[in-house]
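Numbering of ligands and ligand atoms starts at 1, following listing order. Counting begins at 1 with the first residue of the sequence.
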Amino acid sequence: MNARRDSILREMGLGPIWRLRGAPGDEADAFDPANEQAPPDTSVEEAPAVVAPVVDAQVRPREQPLRAESPAPAPQPARERSPAVNADAVGGMGWDELTQEILACKACRLCEQRRQAVPGVGDRQADWLFVGEGPGAEEDARGEPFVGKAGQLLDAMMSAIGIKRGDNVYIANTVKCRPPANRTPEVEELAACFPYLARQIALIRPRLIVALGRPAAQSLLNTDIRIASARGKCFDYDGIPVVVTYHPAYLLRNPMDKAKAWEDLCFARREMARLAGGEN
Ligand code: URA
């Protein structure tokens with residue numbers, strides 16, 4: 001184990017072996033940087049590169065807005081959809097109304113193939129908010145975010161920094177309905193759904209947001225971004241610090257990058273400790 005990894009493990013207060021205790025074959029889910037090779041700095045991210053300047057969203061450039069000027073809605077499919085989400089109305093909703101609104105939403109084509117919308121789960125007064133991309137098959141079936149394999153890894157990642165689902169943690173997705181075949185949500189789908197996430201954030205007022213993967217980071221920061229360049233920085237969403245890291249599903253496919261995600265979560269934990277004035 002090299003010195004860097006050793007110090008990460010020490011800082012985490014963890015022994016060198018730390019993995020999910022799941023069924024046989026769960027090795028792929030282990031969040032155990034000690035077992036990973038030191039990742040190369042040039043690893044490829046999950047999403048294809050969109051050619052755009054790499055920016056620190058603290059500067060908030062507006063050349064490529066993702067929300068305000070999202071493209072015209074896609075043509076209406078045969079199945080009826082309702083008009084776009086009324087951001088002003090959603091902005092005034094409490095939890096119950098918001099949840100009902102999300103469950104009934106038909107504002108984009110993602111409603112067409114979902115079994116159910118997946119609003120979010122956890123402590124509504126949490127300090128920590130984790131934002132993923134969108135529900136997968138299991139989440140679509142169960143109505144809860146991150147309950148499949150990626151969710152097991154997310155639980156393990158959270159455990160590595162001493163937090164757990166539902167306990168001072170809220171988990172939400174950028175889009176609330178499953179994209180068919182787990183494809184990446186389209187820009188207009190992200191834009192259509194954003195008022196729901198914005199309202200959740202306004203209601204929770206977490207101390208820190210962790211954006212999991214590129215779509216979540218782009219939606220929150222309203223700018224194009226690459227995880228590899230955005231790691232280790234603190235961005236801002238409406239006065240709330242945002243830290244970005246790799247999406248757990250990406251880490252399942254690219255376990256070499258788990259060590260980087262671990263570093264990111266250590267960074268997030270340090271930020272949280274600073275924000276909480278050392279209480280954490
Ligand atoms: N991936 C996500 O981004 N969200 C989920 O809820 C599950 C998998």
Side-chain angles (χ1 to χ4, degrees), residues 20 22 26 28-31 45-48 66 98-99 102-103 105 108 110-111 113-124 126 128-159 163-166 169-187 189-194 196-198 200-201 204 206 209-221 225-227 230-231 237 242-255 257-258 261 264-265 268:
L20 288 176
D26 265 351
D29 290 351
F31 189 59
E45 284 180 42
E46 71 265 45
L66 296 174
L98 178 64
T99 303
I102 293 170
L103 293 175
C105 183
C108 85
L110 294 184
C111 71
Q113 292 180 46
R114 71 172 182 224
R115 277 199 240 181
Q116 59 188 316
V118 181
V121 71
D123 180 350
R124 292 176 173 178
W128 292 89
L129 171 64
F130 285 78
V131 179
E133 185 174 315
E138 289 191 59
E139 292 77 18
D140 180 60
R142 288 173 52 185
E144 182 173 333
F146 283 103
V147 289
K149 279 216 148 220
Q152 289 173 17
L153 179 55
L154 178 61
D155 286 340
M157 291 163 71
M158 291 192 298
S159 166
I163 57 177
K164 65 172 193 261
R165 180 185 293 255
V169 172
Y170 195 90
I171 304 174
N173 278 311
T174 314
V175 295
K176 310 303 188 197
C177 299
R178 183 189 181 203
N182 298 341
R183 65 164 170 74
T184 304
E186 307 278 350
V187 169
E189 294 158 356
L190 292 166
C193 214
F194 192 77
Y196 296 136
L197 180 61
Q200 289 175 314
I201 296 172
I204 299 168
I209 300 175
V210 180
L212 300 165
R214 199 175 186 192
Q218 289 186 333
S219 268
L220 284 163
L221 303 176
I225 216 163
R226 294 186 69 238
I227 299 298
R231 298 178 48 240
Y237 172 83
V242 178
V243 168
V244 309
T245 190
Y246 295 103
H247 191 284
Y250 165 81
L251 294 173
L252 291 175
R253 296 191 304 273
N254 300 273
D257 278 343
K258 285 180 183 173
D264 298 340
L265 292 183

- Message: Within the structure provided, determine whether Leu98 and Pro119 are in side-chain contact (heavy-atom separation under 4.5 Å).
- Response: no
- Message: Check for me whether Glu144 has a heavy atom closer than 4.0 Å to any atom of ligand 1.
- Response: no
- Less than 3.5 Å between some nitrogen or oxygen of Pro145 and one of ligand 1, yes or no? no
- Note on the structure: Under 4.0 Å from one or more heavy atoms of Gly132, ligand 1 contributes atoms 3 (O)
- Task: Any atoms of ligand 1 less than 4.0 Å from a non-hydrogen atom of Glu133? List them with their elements.
- Result: 2 (C), 3 (O)
- Query: When you measure from the side chain of Thr245 to the backbone N and O of Leu212, does any donor-acceptor pair fall under 3.5 Å?
  - Reply: no
- Proximal atoms of ligand 1 relative to His247 (non-hydrogen, under 4.0 Å): 1 (N), 2 (C), 3 (O)
- Message: Within this structure, what is the CD1-CD1 distance for the pair Ile209 and Ile201, rounded to the nearest 0.5 Å?
- Response: 4.0 Å
- Check: Gly136 main-chain N/O paired with Asn182 side-chain donor or acceptor under 3.5 Å: no
- Does the side chain of Arg214 reach to within under 4.5 Å of the side chain of Val244, using non-hydrogen atoms? no
- Item | Exam field: side chain Glu144 to backbone Glu139, donor-acceptor pair closer than 3.5 Å | no
- Heavy atom under 4.0 Å from ligand 1: found in Glu139's side chain, backbone, both, or neither? side chain
- Of all the non-hydrogen atoms in the protein, which one sits nearest to atom 2 (C) of ligand 1, and at what distance? Gly134 O, 3.0 Å
- Item | atom 4 (N) of ligand 1 [closest protein heavy-atom partner, distance rounded to 0.1 Å] | Asn173 OD1, 2.8 Å
